[in-house]
2 protein chains.
Amino acid sequence: MAKLTESSRPVMALFEVLGQKWVLRIIWELRNGPLTFRELRAQCDEISPTVLNQRLALLKETLLLESTDEGYKPTALLEELGPVLYALRDWSNMWAETRVAHGHDV
Amino acid sequence: MAKLTESSRPVMALFEVLGQKWVLRIIWELRNGPLTFRELRAQCDEISPTVLNQRLALLKETLLLESTDEGYKPTALLEELGPVLYALRDWSNMWAETRVAHGHDV
DNA sequence: CTTCTTGCTACATAATACGTAGCGATTGCC
DNA sequence: GGCAATCGCTACGTATTATGTAGCAAGAAG
């Protein structure tokens, strides 16, 4: 039987990866098939190539992305996270509504 | 009918918030009830108080957290994200298994 | 009064991201 | 062959952000 701190270690590691700038965005932009380095960069608002390459290296290292002859694409493992990402997208719409209801500009 | 770029704007904003260091961790640590500033700091591996306060300000500003006399706690809106967070936790366990299967130390 | 603990700030240092330029390696195309 | 265009990616100087330690002002307890 695992202790609480032990059973929560992988999620900490996940938060550490997802909590880096551009990581969620990169994953999101690859949801509809592979993109080349330059395509991906264009989708990500012309992110600096230095950082993009650092993130791609990290995501390959952590088995979340792989590079094929068609470009970068999510691994089978990461694709299982798809529903979670779409749940985030749906929630974010409610969030945006709440914020405008409180007088913030989204 | 909204265009694709429009309908994906809130999720971009969400990624921008969640993609900041410590944000996911802070949200996670508050999942079981409110914590005071110093408690939260202790849970978050003694994060620097400067950054913690910046993040708390951001999360209050974006209606994700609120501070009560018992400490900081998620808003009703953020609590709806709970299942998503637990889905992330569950997925991260599979992720960890895959990584050890490939010879990485988790 | 003194002594705690609290939320939080100041400030100097370290780490990280940015943006522009451009290199070396392909890929057509003539 | 040669030439131009495009590719993934790196170099490097600047700007932004995080870290860590110290400690302040305010409130509670005695």
Round to the nearest Å and state the distance from [X] atom [atom1] to [N] atom [atom2].
{"X": "A:Leu40", "N": "D:dG8", "atom1": "CG", "atom2": "C1'", "value": "12 Å"}
{"X": "B:Asn53", "N": "C:dG7", "atom1": "CG", "atom2": "C1'", "value": "8 Å"}
{"X": "B:Asp69", "N": "C:dG7", "atom1": "CG", "atom2": "P", "value": "12 Å"}
{"X": "B:Glu70", "N": "C:dT6", "atom1": "CD", "atom2": "P", "value": "16 Å"}
{"X": "B:Glu16", "N": "D:dT17", "atom1": "CD", "atom2": "P", "value": "11 Å"}
{"X": "B:Phe37", "N": "D:dA26", "atom1": "CZ", "atom2": "P", "value": "18 Å"}
{"X": "A:Ile26", "N": "D:dG8", "atom1": "CD1", "atom2": "P", "value": "14 Å"}
{"X": "A:Leu35", "N": "D:dC7", "atom1": "CG", "atom2": "P", "value": "13 Å"}

Can you find a heavy atom in the side chain of [X] that is under 4.5 Å from one in the side chain of [Y]?
{"X": "A:Pro34", "Y": "A:Leu30", "result": "no"}
{"X": "A:Leu81", "Y": "A:Leu64", "result": "no"}
{"X": "B:Val17", "Y": "B:Leu59", "result": "yes"}

Taking only residues two or more places apart in sequence or in another chain, which ones pass ring-ring contact (aromatic ring centres under 6.0 Å, His included) with A:Trp91?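 A:Trp95.
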Intermediate values then yes/no, salt bridge (charged side-chain N to carboxylate O under 4.0 Å, His left out), A:Glu66 and A:Lys60: CA-CA 6 Å; A:Glu66 54 198 6; A:Lys60 282 190 288 188; over 6 Å; no
State, to the nearest 10°, the angle formed by the axis through the first five base pairs of the helix from C:dC1-D:dG30 to C:dC30-D:dG1 and the axis through its last five.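 Its terminal axes enclose an angle near 30°.
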Return the set of residues passing side-chain hydrogen bond (donor to acceptor under 3.5 Å, both in side chains) with B:Glu39 (not counting sequence neighbours), or none when no residue passes.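 Here the qualifying residues are B:Thr36.
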Sugar-phosphate or base contact per nucleotide [nucleotides 12-23 of chain C; S, B, -; heavy atom under 4.0 Å]: -----SBBB---
Sequence neighbours excluded, which residues qualify as salt bridge (charged side-chain N to carboxylate O under 4.0 Å, His left out) partners of A:Glu70?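 A:Glu70 satisfies salt bridge (charged side-chain N to carboxylate O under 4.0 Å, His left out) with no residue once adjacent residues are dropped.
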Using the test salt bridge (charged side-chain N to carboxylate O under 4.0 Å, His left out), find all partners of A:Arg55 that sit at least two apart in sequence or belong to another chain.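 For A:Arg55 there are no salt bridge (charged side-chain N to carboxylate O under 4.0 Å, His left out) partners, ignoring immediate neighbours.
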Cluster overlap B:Leu63 with B:Ile27, hydrophobic side-chain contacts below 4.5 Å: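 No, B:Leu63 and B:Ile27 fall in different hydrophobic clusters.
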Please check the phosphate of D:dC9 (OP1 and OP2 only) for any side-chain N or O of A:Tyr72 closer than 4.0 Å.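 So the side chain of A:Tyr72 is within the cut-off, an N or O lying under 4.0 Å from OP1 or OP2 of D:dC9.
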